[in-house]
Amino acid sequence: RRSRSATLYRSVTPTLTCSSSPSNVAEFRKFENQFLQDLAPGAQPPFLLYDNEVKTDTNKIEEFLEEILCPPKYPRLAARNPESNTAGNTVFSKFSAYIKNSNPGTNDTLEKGLVKALAKLDEYLNSALPEEIDENSAEDVGLSTRKFLDGNDLTLADCNLLPKLHIVQVVSRKYRGFEFPKQFTGIWRYLENAKDCEEFAHTCPKDEEIEQAYAMVAKALK
């Protein structure tokens with residue numbers, strides 16, 4: 001079975017645990033930076049090394065994987081519905097503005113902006129895809145029951161969105177006390193299905209590691 005883990009949490013080096021000592025962290029970072037510089041000078045992760053050739057452009061990496069690891073031997077990763085590729089594409093930018101803000105006077109406005117972006121994503125996740133609709137049925141189209149953005153299998157659209165959405169959930173809860181509204185049933189279903197997915201579960205950092213990574217990014221309201 002083709003693994004999608006390489007395109008989920010995009011990193012080419014191990015994640016440090018919270019228990020790492022400062023000296024070990026410094027030594028590891030020194031090694032990591034030299035490794036990256038030698039492998040792809042001037043580039044930032046993600047990148048792909050294949051037959052001694054380094055690919056550094058994200059789109060080129062995805063195109064390469066789709067070309068080499070393609071049906072019928074491997075399952076299709078590209079989304080069938082173009083809307084799936086752009087669903088939730090404003091969530092992370094709204095989150096970034098929200099979490100980096102230190103002005104209490106604008107916090108509510110920025111939070112509402114994030115909620116609005118999440119609501120749009122939730123609407124898409126709960127809307128039935130064309131393949132879920134029976135054109136011969138007289139019954140009204142109900143809510144979608146699919147697991148992921150484009151159906152019941154992961155696609156590149158999920159590989160782009162899921163890690164970001166998980167970061168938004170973890171960091172907003174830790175540094176703003178903000179939880180995704182319970183009425184966003186599509187998003188909660190999406191995240192629960194992701195946890196049950198091997199590719200996501202095995203590449204997802206611990207909440208503590210995400211919190212630590214954002215400790216200097218999230219601004220206190222003052």
Side-chain angles (χ1 to χ4, degrees), residues 4 6-12 15 43-47 56-63 77-79 81-127 144 148-150 154-195 199-200 203-222:
R4 298 161 171 81
T7 50
L8 281 171
Y9 275 90
R10 295 170 167 177
S11 177
V12 295
T15 303
Q44 296 292 326
F47 43 79
T56 59
D57 182 83
T58 301
N59 292 329
K60 294 296 182 183
I61 291 173
E62 293 179 351
E63 291 173 3
L77 274 185
N81 300 282
E83 297 82 4
S84 296
N85 292 317
T86 56
N89 61 352
T90 63
V91 169
F92 201 78
S93 61
K94 297 296 184 182
F95 155 75
S96 294
Y98 174 56
I99 207 67
K100 293 177 182 178
N101 171 56
S102 60
N103 182 359
T106 58
N107 183 68
D108 286 349
T109 299
L110 292 172
E111 185 174 297
K112 288 177 181 177
L114 174 58
V115 170
K116 184 177 180 180
L118 290 169
K120 187 175 180 181
L121 172 61
D122 183 72
E123 181 181 8
Y124 183 74
L125 288 167
N126 276 330
S127 298
S144 175
F148 303 111
L149 283 172
D150 203 59
L154 284 172
T155 64
L156 289 174
D158 300 295
C159 295
N160 287 326
L161 179 63
L162 263 175
K164 296 176 184 178
L165 189 62
H166 181 62
I167 288 171
V168 172
Q169 182 185 36
V170 171
V171 176
S172 297
R173 177 193 298 137
K174 171 68 175 180
Y175 295 106
R176 289 292 184 270
F178 172 80
E179 291 280 3
F180 290 171
K182 291 299 182 183
Q183 64 264 32
F184 290 169
T185 55
I187 289 178
W188 283 104
R189 184 183 72 248
Y190 184 45
L191 291 171
E192 286 301 314
N193 285 321
K195 292 178 183 178
E199 291 88 348
F200 181 80
T203 59
C204 180
K206 295 179 180 178
D207 288 1
E208 293 81 3
E209 293 171 345
I210 297 174
E211 292 168 359
Q212 185 183 46
Y214 272 80
M216 301 299 293
V217 178
K219 302 299 183 182
L221 299 175
K222 57 183 178 180

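The shown structure was predicted, so the numbers you read here are calculated from the model rather than taken from an experiment.
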**Request:** Could I get the full list of side chain to side chain donor-acceptor pair (under 3.5 Å) partners for Y124, not counting sequence neighbours?
**Result:** S84

**Message:** Side chains of N193 and F200, heavy atoms from C-beta outward: is any pair under 4.5 Å?
**Reply:** no

**Item:** salt bridge (charged side-chain N to carboxylate O under 4.0 Å, His left out) contacts in which one or both residues fall within residues 182-192, not counting sequence neighbours
**Value:** E192-K195

**Request:** Work out which heavy atom in P163 is nearest to a heavy atom in D158; give both atom names and the distance.
**Result:** CD-O, 3.7 Å

**Residue pairs, two or more places apart or on separate chains, that pass side chain to side chain donor-acceptor pair (under 3.5 Å) and touch residues 86-99** = Y98-E111

**Asked** Rounded to the nearest 0.5 Å, how far apart are CG of D207 and CD of Q169?
**Response** 8.0 Å

**Message:** Within this structure, what is the CG-CG distance for the pair D150 and N81, rounded to the nearest 0.5 Å?
**Reply:** 4.5 Å

**Sequence-distant partners of S102, side chain to side chain donor-acceptor pair (under 3.5 Å), two or more places apart** = none

**Fill in**
Hits for side chain to side chain contact (heavy atoms under 4.5 Å, CB included) against A213, two or more places apart or cross-chain, chain-then-number order -> none

**Complete:** Here the gap from T155 atom OG1 to N85 atom CG, rounded to the nearest 0.5 Å, amounts to 7.0 Å

**Request:** Tell me, please, which residues at least two apart from T106 pass side chain to side chain donor-acceptor pair (under 3.5 Å).
**Result:** N101

**Asked** Are the side chains of L191 and L162 in touch, meaning some heavy atoms are under 4.5 Å apart?
**Response** yes

**Residue list, side chain to side chain contact (heavy atoms under 4.5 Å, CB included) with L118, at least two apart or on another chain** = V91, L114, L165, F178, F180, F184, I187

**Asked** salt bridge (charged side-chain N to carboxylate O under 4.0 Å, His left out): which pairs involve residues 169-180, sequence neighbours left out?
**Response** R173-E179

**Item:** Inter- and intrachain pairs under side chain to side chain donor-acceptor pair (under 3.5 Å), touching residues 213-222, at least two apart
**Value:** none

**Item:** Set of residues satisfying side chain to side chain donor-acceptor pair (under 3.5 Å) with respect to S172, sequence neighbours excluded
**Value:** none

**Message:** Quick check: closest heavy atoms across L161 and G88, and the distance to 0.1 Å?
**Reply:** CD1-O, 3.8 Å

**Asked** Would one find more than 12 heavy atoms of other residues, nucleotides or ligands at under 6.0 Å from atom CD of E123?
**Response** no

**Item:** Interatomic spacing from CG in N103 to CG in N107 - rounded to 0.5 Å
**Value:** 9.0 Å

**Asked** Any side-chain heavy atom of V217 within less than 4.5 Å of one from K100?
**Response** yes

**Prompt:** Considering only heavy atoms from C-beta outward, does the side chain of L110 approach that of V115 to under 4.5 Å?
**Reply:** no

**Prompt:** Taking only residues two or more places apart in sequence, or in another chain, which ones meet K120 in a side chain to side chain contact (heavy atoms under 4.5 Å, CB included)?
**Reply:** none

**Message:** Distance alone, cut at 3.5 Å: any donor-acceptor contact between the side chains of T185 and N126?
**Reply:** yes

**Asked** Can any side-chain N or O of W188 pair as donor or acceptor with the backbone N or O of Q183 at less than 3.5 Å?
**Response** no

